[in-house]
Structure formats: C-alpha cells, structure tokens
Amino acid sequence: MNSPVNEEVQALMEAAHGRTAKALGLTCTGPLAWGFLGVTLGRRAGDRWLRVSRTARRNAGRKRGEGIVGASEVVPDGVPRPRLYEVHDWTDGEWAFEAEVLDYVTQPIVSPDRADIDRDPGLPDEWWADLRQALALLAEVEGVKTTVRDGWIERAFPQFLGIPAPAKVERVTGHGDLHWGNLTVAPLCLLDWERWGLVPFGYDAGLLHANSLLVPDVAARIRREFAPTLDTPAGRIGELAALAEMLQAVARGWYPDLAPRLVARVEALTGVRPPVPVRSEVSA
C-alpha cells in the first residue's frame, strides 16, 4: 500500500524530493518513507521532515484553509501535530508537486506500514485521553473542506452497505484520515493533514474502529472511549460512512483479512448483511 506503483513513479518522486531538498538547502538522510501508492515521499532532514506529494497539473494550487497549510493556520496547538515551517510548490510537465518542511517526529508511528493493526499496541490511558481531547478541540475549528461528500454517501451506502443513504448527515470538523498509520505512540501526534475538514459526525472514531477490528480488545476500547459519539444516531451514520469507505477499499483489493470483520460490523449496526464487495472506482 505504501510504496510506488512502479519504477517510473519511484524515479519521478525520488527526483522531485531531491530537487526540493536542494532548493531548500536541506540534507536528507535515512530511509525513504512512501505514502499511499507512492503519491507522497518523505525523508528526514536533521530535525525536520521533508514531504513531497504530486498531483495532476490541472489540480495545481493549494486551496485556502485546506490541507497541511490550512491546518497550520487555524487548528489550535492543543491538537498535537508536526509544526509546518516552509512550503515549496512547482509544476513540471504533467505533474504538480507540493512540498512541506515539518517537524521530524521522534516517537514511533503506531502502525508504520499499514493503516490497520493486527496486535494491541498497548497504549496508556493518557494516550486515549489525549486523543479524545485532540478530536474535541478539532471539532471546534471552522473547517472549509467537505471530506466524504454527500454525493459519495448517496452512492456508497446502497452499493457497499446495502442500505439507503441517510436523509441527513451531521458534520463536524475532523481529521478525515484517522487510522493507525497516522498516529504515534505516546506522546500522541496526529500525522497527515491532507483530508482534514468537515466529516460526518462519528467518522473519525468510526474509521479508527474499523481499522482495529482484527484486535477486538482495541476495538472495544475505541467503542468505550468514543461511546458519546458512536452511540448516537448521527455517530452511527458517521461510522457507517467510514465502513463504506473501507469496503470500497476492499473492492479495490485492499484489506482482505479485515473484510469479513467489516462486513460483520455493518450487519451488527444495520441488521442488513452488505453486498459482497465488488471492484469499484466510486470516488469519495
């Protein structure tokens, strides 16, 4: 999952990263850290982290209030995340590149190679309290971007859950990609702020719960910690949105081991056994 799709993408991103480091006067060392399908590439540069991402040239240009830059401007310091120091953007041929210089986070990522977990990371009570507080503070921020759009929900609920889409989706500002590959062990730090914005209420907790289903004790802990959110009608819709997104990923070939647990969780929430996932490219 976190690797370039082919040698061409690998060479493209490594060259872009090297070009950025040279332009910013940074010396990078240590292993390369690939993001989803090689769309992003990060590497340590002393006490900084240089992250480079690519998109199609037609999508060039950061949108105000969104992504890592937007988070650095409006998300309170009480939400632990890497500090942003500098950005460097450019276009080359068919691609647009965006680079950020961030704090190098010294504490380990809970699950550096996958979004879900297959064993209990043994996180202390203080870590869970910090996560609850971080999401509560984030919910008070005025988000701009709508993450997990209503149009996608209208299509995805019938296709992946086997139920009609809800008539109303309550939204709150959230991280938008809260899985174990974006969380560190204590002290807690939330990574990867590309998707933050207005998410369905309960979506963040629901997504983390979905990525924990192979470890029942951790899944149960999440349900306890976030019961005031998940055990509400709006929170169930948010969790179902997260499950629909995960089942879409199953239909694209991801999470084969997790798939039966996802299906069972949907059935437990809705009383309806969802359709067997089939390959789909429904865009969120």
Side-chain angles (χ1 to χ4, degrees), residues 35 40 42 44 47-51 62-87 100-112 115 117 121-148 170-212 218 221-232 234-235 238-239 241-242:
T40 67
R44 184 177 182 177
D47 61 353
R48 302 286 188 265
W49 182 261
L50 176 59
R51 178 185 186 273
R62 298 177 189 263
K63 296 180 180 178
R64 184 172 180 81
E66 297 184 11
I68 294 173
V69 173
S72 72
E73 295 170 343
V74 299
V75 174
D77 292 340
V79 180
R81 65 193 188 282
R83 184 181 308 170
L84 175 66
Y85 294 95
E86 192 172 0
V87 299
E100 300 90 23
V101 181
L102 304 150
D103 279 326
Y104 173 70
V105 177
T106 57
Q107 60 268 41
I109 296 170
V110 175
S111 180
I117 52 172
L123 299 165
D125 292 344
E126 294 79 6
W127 186 94
W128 291 101
D130 289 344
L131 180 60
R132 290 198 315 271
Q133 180 184 36
L135 295 185
L137 288 172
L138 184 55
E140 297 175 358
V141 176
E142 186 174 351
V144 175
K145 178 181 180 179
T146 298
T147 302
V148 190
E170 182 179 335
R171 292 186 177 272
V172 66
T173 301
H175 181 271
D177 201 14
L178 197 71
H179 60 67
W180 295 107
N182 284 335
L183 296 168
T184 69
V185 302
L188 171 69
C189 187
L190 280 69
L191 309 175
D192 194 354
W193 286 80
E194 284 300 312
R195 291 191 75 196
W196 84 279
L198 297 170
V199 301
F201 182 76
Y203 174 83
D204 277 350
L207 186 62
L208 190 62
H209 181 265
N211 279 285
S212 307
V218 176
R221 180 69 184 263
I222 293 169
R223 289 196 299 272
R224 291 197 304 272
E225 295 288 342
F226 294 99
T229 296
L230 295 176
D231 291 348
T232 65
E239 182 180 354

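In what follows, residues are counted from 1 in the order of the sequence shown. When reading the values below, keep in mind they use all heavy atoms of this one structure, side chains included, and skip hydrogens, waters and symmetry mates.
Every residue two or more places apart in sequence or in another chain that forms a salt bridge (Lys or Arg N to Asp or Glu O under 4.0 Å) with D125 is listed here: R221. In terms of the side chain to side chain donor-acceptor pair (under 3.5 Å) criterion, residue partners of Y85 (sequence neighbours excluded) are, by chain and number, D103. Remark: E239 pairs with R265 by the salt bridge (Lys or Arg N to Asp or Glu O under 4.0 Å) rule, at least two apart or across chains.
Without hydrogens or angle criteria, W49 side chain to V101 main chain gives no donor-acceptor distance under 3.5 Å. Using modelled atom types, no side-chain atom of S111 and backbone atom of I117 make a donor-acceptor pair closer than 3.5 Å. Not a single donor-acceptor pair under 3.5 Å links the side chain of T229 to the backbone N or O of T232. Remark: the backbone N or O of L198 is paired with a side-chain donor or acceptor of R171 at under 3.5 angstrom. No donor-acceptor distance shorter than 3.5 angstrom exists from the side chain of W127 to the backbone of G122, with no hydrogens or angles considered. Without hydrogens or angle criteria, E170 side chain to F201 main chain gives no donor-acceptor distance under 3.5 Å. Side chain of N182 to backbone of L178: no donor-acceptor contact under 3.5 angstrom is found. Side-chain atoms of H179 do not come within 3.5 Å of backbone N or O of S212 as any donor-acceptor pair.
The distance from the NE2 atom of H175 to the CZ atom of R81 is 10.5 Å, given to the nearest 0.5 Å. Atom OG1 of residue T173 and atom NZ of residue K145 lie 13.0 Å apart, to the nearest 0.5 angstrom. Atom CG of D192 and atom OG1 of T40 lie 7.0 Å apart (nearest 0.5 Å). From R44, atom CZ reaches atom OG1 of T106 across 8.5 Å, with rounding to the nearest 0.5 Å. Interatomic distance, CG of L138 versus CG of D204, reported as 7.0 Å (0.5 Å rounding). How far CH2 of W193 is from CG of L84: 13.0 Å, rounded to the nearest 0.5 Å.
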(request) In sequence, state the C-alpha distance, the side-chain angles, and the governing distance for W128 and I222, and then conclude on side chain to side chain contact (heavy atoms under 4.5 Å, CB included). (result) CA-CA 9 Å; W128 291 101; I222 293 169; 3.7 Å; yes
(request) Would you please test R195 and V148 for side chain to side chain contact (heavy atoms under 4.5 Å, CB included) and show each step? (result) CA-CA 9 Å; R195 291 191 75 196; V148 190; 3.7 Å; yes
(request) Please test I68 against E194 for side chain to side chain contact (heavy atoms under 4.5 Å, CB included), starting from the C-alpha separation and ending with a verdict. (result) CA-CA 6 Å; I68 294 173; E194 284 300 312; 3.5 Å; yes
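Applying the 6.0 Å contact sphere to CD of E73 captures more than 12 heavy atoms from other residues, nucleotides or ligands.
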